[in-house]
Amino acid sequence: MEKIKMTTPLVEMDGDEMTRILWQMIKDELLLPFIDLKTEYYDLGLEYRNETNDQVTIDSAEATKKYGVAVKCATITPNAARMSEYNLKEMWKSPNGTIRAALDGTVFRTPIIVKGIEPCVKNWEKPITLARHAYGDVYKNTEIKVPGPGKAELVFTGEDGTQIKETIHNFTGSGILQGIHNTDKSITSFAKACFNYALDTKQDLWFATKDTISKKYDHNFKDLFQDIYEKEYEEKFKQAGIEYFYTLIDDAVARVMKAKGGFIWACKNYDGDVMSDMVSSAFGSLAMMTSVLVSPSGVYEYEAAHGTVQRHYYKHLKGEETSTNSVATIFAWTGALRKRGELDGIQELEAFADKLEHATLQTIESGKMTKDLALITSLKEVTVLSSENFIKAIRETYEAM
């Protein structure tokens, strides 16, 4: 069979630990036999990020702007333990944070629904998509460990030299400080991305912050969303038969637990990080959630919503068998290939992505799955496969189709 041809490369961002191992298996078994795969490769593994002083991450983001579509493997965001383990020059920032800031994008995360894996929340019938703002807040924070008594102030100095000053706290002993920020430009991009995605997918949009407590910071998000909605989207939403509403984050959590699903839940950066893990886990598994970063300029970066599966990687290094779920990483590739095919007018590439996703779900529904799914499935006849054999089983299903 002749391989499917590509005209424009994908930006390929390799990653760390067990997901890096799966990345290569997926390429070898599920992609390279069927596609004349064109990628511009960037190694975002922690060793090479350290070697290049994280320049490789910046370069990969710039390449994504150039080519329009990227696919990314999970990467390590180092903490103190990783500093020693990898002998790092410094505690490099989250690659995802760097890329999101460069692309000014919004992250949309949606659970992958498969027969035999029922949500923990029994009334959830349709996927709940998390729209996560991808700039600022604690991910771009400045922190101080306060050594002792003193006065902490928040100061803004305008270009003309005028100052706005507020006292944060008068410390009588040691403590901690954190400064966070966001920009109207980024919040506006976030709002428009959410409204457009809701219209594209014909789903209701919820937005939630805590403006009753954060009367300036969170209230600014709420006001900008409302203003943009009324000026640009209200009529379009009415025509599409969908709804936008704002609510407090704690109210949203309560509503979500009683909802049926089938809507988009927009959250600020940290809330979206936490809630997407809650939603994906409640739908079945962290490894069963797609994630796509969409920029206002129409640039897309696809990835799995989970981490590098460190525990399995250490087992793999010892030569022990692992049963790591690769579904979200496979869907990162199919999402990117489908979008590349759509942008380049290559229907065969779009059809391949659809077929590979179908083969992946069909493999699980036939009872062949990784250990994480076997522990929660309602299917009676189940075969637990290793990381490699699960990917090979998907290839067998694909070729049988």
Side-chain angles (χ1 to χ4, degrees), residues 44 46 49-50 53-55 57-58 61 74-83 86 88-107 109 130-148 150-158 163-171 173-191 193 207-225 249-250 266-278 291 293 295 301 303 305 307:
L44 265 55
L46 189 49
R49 277 185 275 145
N50 189 55
N53 297 323
D54 210 29
Q55 185 60 42
T57 308
I58 296 160
T75 47
I76 294 167
T77 299
N79 55 16
R82 300 293 202 169
M83 287 283 290
Y86 284 87
L88 301 179
K89 298 173 192 173
E90 64 177 85
M91 206 180 289
W92 303 111
K93 287 186 181 292
S94 157
N96 287 350
T98 301
I99 293 162
R100 287 169 195 151
L103 300 182
D104 188 25
T106 295
V107 179
R109 289 179 170 170
L130 260 292
R132 175 184 170 190
H133 188 209
Y135 176 79
D137 301 345
V138 296
Y139 300 84
K140 278 276 184 184
N141 67 9
T142 302
E143 299 178 316
I144 297 172
K145 197 155 173 48
V146 176
K151 186 181 184 182
E153 293 182 308
L154 189 63
V155 181
F156 171 76
T157 307
Q163 284 194 338
I164 303 169
K165 190 183 292 186
E166 295 282 350
T167 298
I168 298 168
H169 187 66
N170 286 302
F171 283 88
S174 58
I176 44 175
L177 277 168
Q178 182 183 74
I180 63 171
H181 79 279
N182 226 293
T183 69
D184 286 359
K185 178 178 179 289
S186 182
I187 297 165
T188 299
S189 295
F190 171 45
F207 179 48
T209 71
K210 192 71 172 172
D211 69 287
T212 50
I213 302 299
S214 177
K215 290 180 169 63
K216 290 181 182 173
Y217 197 99
D218 281 21
H219 215 296
N220 194 51
F221 276 82
K222 176 186 177 182
D223 289 344
L224 284 171
F225 260 75
I249 187 75
D250 43 345
C267 293
K268 287 166 57 199
N269 210 344
Y270 178 79
D271 297 338
D273 193 359
V274 175
M275 295 306 171
S276 65
D277 273 17
M278 182 272 287
S291 183
L293 177 72
S295 84
E301 182 242 316
E303 61 176 334

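By convention here, the first residue in the shown sequence is residue 1. Any value given below was found using the heavy atoms of this structure, including those in side chains, with hydrogens, waters and symmetry copies removed.
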*Are any side-chain N or O atoms of D218 and backbone N or O atoms of K210, one a donor and one an acceptor, separated by less than 3.5 Å?*
yes
*Got more than 12 heavy atoms from elsewhere within 6.0 Å of CD, Q178?*
yes
*Donor-acceptor pair, side chain of N79 and main chain of A81, under 3.5 angstrom*: yes
*If only atom types and distance count, is the side chain of R100 paired as donor or acceptor with the main-chain N or O of V107 below 3.5 Å?*
no
*asked:* Can you give me the closest heavy-atom contact between G272 and C267, atom names plus distance?
replied: N-CB, 3.5 Å
_Is the ring pair F225/F207 parallel, tilted or perpendicular, if the boundaries are 30 and 60 degrees?_
parallel
_For Y86, I'd like to know if atom OH has over 12 heavy atoms of other residues, nucleotides or ligands within 6.0 Å._
yes
*Answer yes or no: is there a donor N or O on one side and an acceptor on the other, between the side chain of N50 and the main chain of K89, under 3.5 Å?*
yes
*asked:* Applying side-chain contact (heavy atoms from CB on, under 4.5 Å), can you list everything that pairs with K216, at least two apart in sequence or on another chain?
replied: none
*Do any N or O atoms from the side chain of S214 and from the backbone of D211 form a donor-acceptor pair under 3.5 angstrom?*
no
*asked:* For the aromatic rings, using the six-membered ring if either is Trp, is the centroid distance between Y135 and H181 under 6.0 Å?
replied: yes
_Rounded distance (nearest 0.5 Å) linking atom NZ of K93 with atom CZ of R49_ = 13.0 Å
*Heavy-atom count around I168 CD1 within 6.0 Å, excluding the residue itself: above 12?*
yes
_Does either side chain, that of Y139 or that of N96, offer a donor lying less than 3.5 Å from an acceptor on the other one?_
no
